[in-house]
Amino acid sequence: MGPQEFLNILSQAAGLKTTPRHCYTEENRMESVADHSWRTGLMAMLLSGEPEFQEADMNRVIRMCLIHDLGESFTGDIPTFKKTSSDARKEDALFLEWVKSFPSPQKEEWIELLDEMAKMETREAKIYKALDKLEAIISHNESDISTWLPLEYDLQFTYGKENIQFSDYFKNLRQMIDEWTKEKISHASK
């Protein structure tokens with residue numbers, strides 16, 4: 001990859017730094033897509049030493065976490081409760097078209113990762129998707145509850161539940177997050 005191609009890819013990806021997500025940070029700043037993607041990668045790195053994940057290629061999971069929302073650099077973030085299948089297809093098509101412009105071997109690696117992530121058949125893809133969902137609910141719990149929409153009080157307990165069922169670690173983590181959510185809601189109602 002030449003320096004100009006490298007810089008072009010980074011410039012497009014830099015858009016995620018200022019692409020807002022439907023969530024606020026603890027400091028009451030609107031979260032960016034880059035904030036979310038970075039932390040999913042960090043979560044994968046932290047889990048790489050856990051016995052349940054020893055057989056998984058966690059380097060591959062980290063790579064998935066880092067690239068999974070780059071399509072939003074073209075479309076912006078659409079909250080899950082507003083995103084249609086048409087929105088998802090458009091985002092995926094723009095992302096894939098961009099990746100196809102990459103030089104080899106990056107193009108082939110990214111296309112392979114995107115295909116694996118879409119099919120959700122490998123342990124690595126399932127781990128990445130679980131982390132993606134878990135990071136979102138953790139972020140919501142960290143944000144001031146005054147920023148939550150009414151529908152998010154229930155969504156906090158249901159979002160991504162199906163994506164963690166393959167993992168005892170994630171089910172235990174989710175249980176702790178749900179308790180945190182209950183406490184947050186309880187304190188807000190007082």
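Not measured: the values here are computed from a predicted model.
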Original post:
At their closest point, which heavy atom of Ile9 faces which heavy atom of Trp98, and how far apart are they?
Top reply: O-CZ2, 3.7 Å
Original post:
Linking I/L/V/M/F/W/Y whenever any side-chain heavy atoms sit under 4.5 Å apart, do Leu96 and Phe74 land together?
Top reply: yes
Subject >> CG on Asp57 to OG1 on Thr122, rounded to 0.5 Å >> reply: 9.5 Å
Original post:
When clusters are formed by joining ILVMFWY residues with side-chain heavy atoms under 4.5 Å apart, either directly or through shared neighbours, do Met64 and Phe102 land in the same one?
Top reply: yes
Original post:
Does a salt bridge link Asp87 with Lys90, judged by any charged N lying under 4.0 Å from a carboxylate O?
Top reply: no
Original post:
Any chance the side chains of Ser139 and Glu135 put a donor and an acceptor closer than 3.5 Å?
Top reply: yes
**OP:** Take Glu121 and Lys126 through the side chain to side chain contact (heavy atoms under 4.5 Å, CB included) test and state the conclusion after the steps.
**Re:** CA-CA 7 Å; Glu121 295 171 348; Lys126 291 174 184 176; 5.8 Å; no
Subject >> Given Thr181, Leu151, Asp178, the one that forms side chain to side chain contact (heavy atoms under 4.5 Å, CB included) with Gln156 >> reply: Thr181
Original post:
Is there a donor-acceptor pair under 3.5 Å between the side chain of Asn141 and the backbone N or O of Ile138?
Top reply: no
Original post:
Can you check whether Lys129 reaches His68 side chain to side chain, under 4.5 Å on heavy atoms?
Top reply: no
Original post:
Do side-chain atoms of Glu152 reach the backbone of Leu149 as a donor and acceptor pair under 3.5 angstrom?
Top reply: yes
Subject >> Value rounded to 0.5 Å, distance of OG1 in Thr40 from CG in Asp35 >> reply: 11.0 Å
Original post:
Do the side-chain N and O atoms of Asn8 and Gln12 include a donor-acceptor pair separated by under 3.5 angstrom?
Top reply: no
Subject >> Result of checking Glu31, Arg29, Met30 against Pro20 for side chain to side chain contact (heavy atoms under 4.5 Å, CB included) >> reply: Met30
**OP:** May I ask you to check whether over 12 heavy atoms, not counting those of Phe6, lie within 6.0 Å of atom CZ?
**Re:** no
**OP:** Would you indicate whether Met45, at its atom CE, is surrounded by more than 12 heavy atoms from other residues, nucleotides or ligands within a distance under 6.0 Å?
**Re:** no
Original post:
Any side-chain heavy atom of Leu173 within less than 4.5 Å of one from Ile177?
Top reply: yes
**OP:** Quick one: closest heavy-atom pair of Thr158 and Arg174, and the distance?
**Re:** N-NH2, 3.6 Å
Subject >> Leu131 reachable from Met176 in the ILVMFWY side-chain graph, under 4.5 Å edges >> reply: no
Original post:
Hey, does Tyr153 have a side-chain heavy atom less than 4.5 Å from the side chain of Ile145?
Top reply: yes
Subject >> Full working for side chain to side chain contact (heavy atoms under 4.5 Å, CB included) between Arg60 and Leu113 >> reply: CA-CA 8 Å; Arg60 191 167 185 81; Leu113 285 169; 3.6 Å; yes
**OP:** To the nearest 0.5 Å, tell me how far Met43 CE sits from Met58 CE.
**Re:** 10.0 Å
Subject >> Considering all heavy atoms, the nearest Ser32-Lys17 contact >> reply: CB-O, 3.2 Å
Original post:
CG/Asp77 to CZ/Arg21 distance, rounded to the nearest 0.5 angstrom?
Top reply: 5.5 Å
Subject >> Side chain Ser11, main chain Leu7, donor-acceptor under 3.5 Å >> reply: yes
Subject >> N/O donor-acceptor pair under 3.5 Å between Gln165 side chain and Lys161 backbone >> reply: yes
Subject >> Ion pair Glu97/Lys100, N-O distance below 4.0 Å >> reply: no
Original post:
Will you find, in the side chains of His36 and Asp132, an N or O donor that is under 3.5 Å from an N or O acceptor?
Top reply: yes
Original post:
Can you find a heavy atom in the side chain of Glu72 that is under 4.5 Å from one in the side chain of Leu16?
Top reply: yes
Subject >> Non-hydrogen atoms of Ala44 and Ile62 that approach each other most closely >> reply: CB-CG1, 3.6 Å
Original post:
In terms of the angle between their ring planes, are His140 and His22 parallel, tilted or perpendicular, with boundaries placed at 30° and 60°?
Top reply: tilted
**OP:** Begin with the C-alpha distance, continue with both residues' side-chain angles, and end with the deciding distance and a verdict on salt bridge (Lys or Arg N to Asp or Glu O under 4.0 Å) for Asp168 and Lys171.
**Re:** CA-CA 5 Å; Asp168 288 336; Lys171 286 189 276 189; 3.7 Å; yes
Original post:
Does some side-chain heavy atom of Glu55 sit less than 4.5 Å from a side-chain heavy atom of Arg123?
Top reply: no
**OP:** Check the angle between the aromatic planes of Phe53 and Tyr169 and answer parallel, tilted or perpendicular using the 30° and 60° thresholds.
**Re:** perpendicular
Original post:
Taking it one step at a time, do Trp148 and Tyr24 satisfy side chain to side chain contact (heavy atoms under 4.5 Å, CB included)?
Top reply: CA-CA 9 Å; Trp148 290 20; Tyr24 288 82; over 6 Å; no
Original post:
Are side-chain heavy atoms of Ile67 and Leu114 found at a separation under 4.5 Å?
Top reply: yes
**OP:** Indicate whether the side chain of Asp144 and that of Thr147 have a donor and an acceptor atom separated by less than 3.5 Å.
**Re:** no
Original post:
What are the two closest heavy atoms between Ser48 and Gln54, and how far apart are they?
Top reply: O-NE2, 3.2 Å
**OP:** Answer yes or no: is there a side-chain heavy-atom contact under 4.5 Å between Met117 and Glu124?
**Re:** no
**OP:** Provide the closest heavy-atom pair for Tyr159 versus Ala136 in the form atom of the first, atom of the second, distance.
**Re:** CE2-CB, 3.8 Å
Subject >> Reported OG-to-CG distance for the pair Ser85 and Asp92, which is rounded to 0.5 angstrom >> reply: 11.0 Å
**OP:** Go through Phe170 and Ile127 one step at a time and tell me if the side chain to side chain contact (heavy atoms under 4.5 Å, CB included) criterion holds.
**Re:** CA-CA 9 Å; Phe170 289 148; Ile127 293 169; 4.1 Å; yes
**OP:** Verify the cluster assignment for Phe157 and Ile164: are they in a single hydrophobic cluster under the rule of side-chain heavy atoms below 4.5 Å apart?
**Re:** no
Original post:
Do Lys119 and Asp115 touch side chain to side chain, with heavy atoms closer than 4.5 Å?
Top reply: yes
**OP:** Check the hydrophobic clustering (I, L, V, M, F, W, Y; side-chain heavy atoms under 4.5 Å; chains of links allowed) and say if Ile111 and Leu70 are grouped together.
**Re:** yes
**OP:** State whether Glu142 and Arg39 are salt-bridged, where the test is any N-O pair (Lys NZ or Arg NE/NH1/NH2 against Asp/Glu carboxylate O) under 4.0 Å.
**Re:** yes
**OP:** Spell out, as yes or no, whether a donor-acceptor pair under 3.5 Å connects the side chain of Lys133 to the backbone of Glu162.
**Re:** no
Original post:
Could you state the interatomic distance from CD1 (Ile185) to CG (Asp154), rounded to the nearest 0.5 Å?
Top reply: 8.0 Å
